[in-house]
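Scroll down for the structure; my scribbles are underneath it.
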Amino acid sequence: VTATPQPPVTELDDIFISVKTTKNYHDTRLALIIKTWFQLARDQTWFFTDTDDHHYQEKTKGHLINTKCSQGHFRKALCCKMSAELDVFLESGKKWFCHFDDDNYVNVPRLVKLLDEYSPSVDWYLGKPSISSPLEIHLDSKNTTTNKKITFWFATGGAGFCLSRALTLKMLPIAGGGKFISIGDKIRFPDDVTMGFIIEHLLKVPLTVVDNFHSHLEPMEFIRQDTFHDQVSFSYAHMKNQWNVIKVDGFDLKTDPKRFYSLHCQLFPYFSFCPPR
Ligand code: UDP
Ligand code: MN
């Protein structure tokens, strides 16, 4: 009996998980990640920040990367970090590049299961848009008086997205080695939009929508607790004195305002800090 050849199985170690952060968020956001989902992917997760920090360098076992990008929530700084994330991934030799923000909770086993459904040697851009129609932008062209109108989809950075190695290899000549920043400068849009521009517009690889990614641009309270195990990412935000957080049983709101400790205990009830049950 000859066994039918099976596609290679994706394991956690095939994935490069990058998290964008900044000096001001080390204590308020990074610490929470380190105590929860990072513990399930310590060797695969890297934090891209803008300062040296010995305390968190130790807590992450050397996985904090000072990009030397400037601090601040402006396009150039954010594109600089995304460019660094992409370049370090390309060097890593891993099969999948997954980007997240530091206000994301990543459901690690679900992420592995998701990527196992796709081949890293095929071009894949997996993520979730936050707008209901493709983005329309106007490119100024040098030799004509008319502006060129183009449309494309992009995956919201704050929900997380993944790129196959095959796709990143196609990106390498145009966006590798820091060139990602120049493209961002040219179109003058944020890093996640720049990513969509490169992949959908320049390389003509379409975004594959994966609904299991979630940014805080969605109302978190509508994600049902009985589907948590099936979601790839979650987020939280505090705006206008209101929290946009998931509705989950667990610790009280004072102990766990962002709900990530409670979520972690729902998903992994035997974790050290979870109540006995
Ligand atoms: N960020 C950054 N530098 C800053 C502010 C934010 O690198 O000065 C990062 C932050 O760590 C996060 C992402 O950008 O990963 C989005 O930031 P935030 O959640 O504060 O804003 P949002 O864009 O979601 O409103
Ligand atoms: Mn955010």
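This chain uses plain numbering: 1 for the first residue, then up along the sequence. For ligands, and for the atoms within them, numbers begin at 1 and follow the listed sequence.
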Tell me if the centroids of the rings in His264 and Phe273 come within less than 6.0 Å of each other.
yes

Run the contact test for Gly158 against ligand 1 with a 4.0 Å cut-off on heavy atoms, strictly below, and give the result.
no

Under 6.0 Å between the ring centres of Phe38 and Phe47?
yes

The number of protein N, O or S atoms lying under 2.8 Å from the Mn ion (ligand 2) is 2

Aromatic rings Phe152 and His201: how do their planes relate, parallel, tilted or perpendicular, breaks at 30° and 60°?
tilted

May I ask you to check if ligand 1 and Gly72 share an N or O to N or O distance below 3.5 Å?
yes

Kindly state each residue pair satisfying disulfide (SG to SG under 2.5 Å) with at least one member in residues 231-277, sequence neighbours excluded.
Cys265-Cys274

Could you pull out, from His238, Lys20, His26, the option with a heavy atom nearest to atom 15 (O) of ligand 1?
Lys20

Candidates Tyr25, Phe100, Tyr236; heavy atom nearest atom 20 (O) of ligand 1 found on Tyr25

Does Phe213 have its ring centroid less than 6.0 Å away from the ring centroid of Phe161?
no

Name the option, out of Met82, His73, Gln71, His99, that contains the heavy atom nearest to atom 22 (P) of ligand 1.
His73

Side chain, backbone, both or neither: which part of Asp103 has a heavy atom under 4.0 Å from ligand 1?
side chain

Is it the side chain (CB and beyond), the backbone, both or neither of Val19 that lies under 4.0 Å from ligand 1, heavy atoms counted?
neither

Which residue holds the protein heavy atom closest to atom 7 (O) of ligand 1, what is that atom called, and what is the gap in Å?
Lys81 NZ, 2.7 Å

If you take the centroid of each ring, where Trp contributes its six-membered ring, are Phe154 and Phe197 closer together than 6.0 Å?
no

Pick one: which of Lys81, Lys23, Lys68 meets salt bridge (charged side-chain N to carboxylate O under 4.0 Å, His left out) with Asp50?
Lys81

Pick, from Asp102, Asp192, Thr22, the option with the minimum heavy-atom distance to atom 12 (C) of ligand 1.
Asp102

Evaluate the criterion side-chain hydrogen bond (donor to acceptor under 3.5 Å, both in side chains) for residue pair His26 and Asp53; output intermediate values, then yes/no.
CA-CA 9 Å; His26 288 184; Asp53 186 327; 2.7 Å; yes

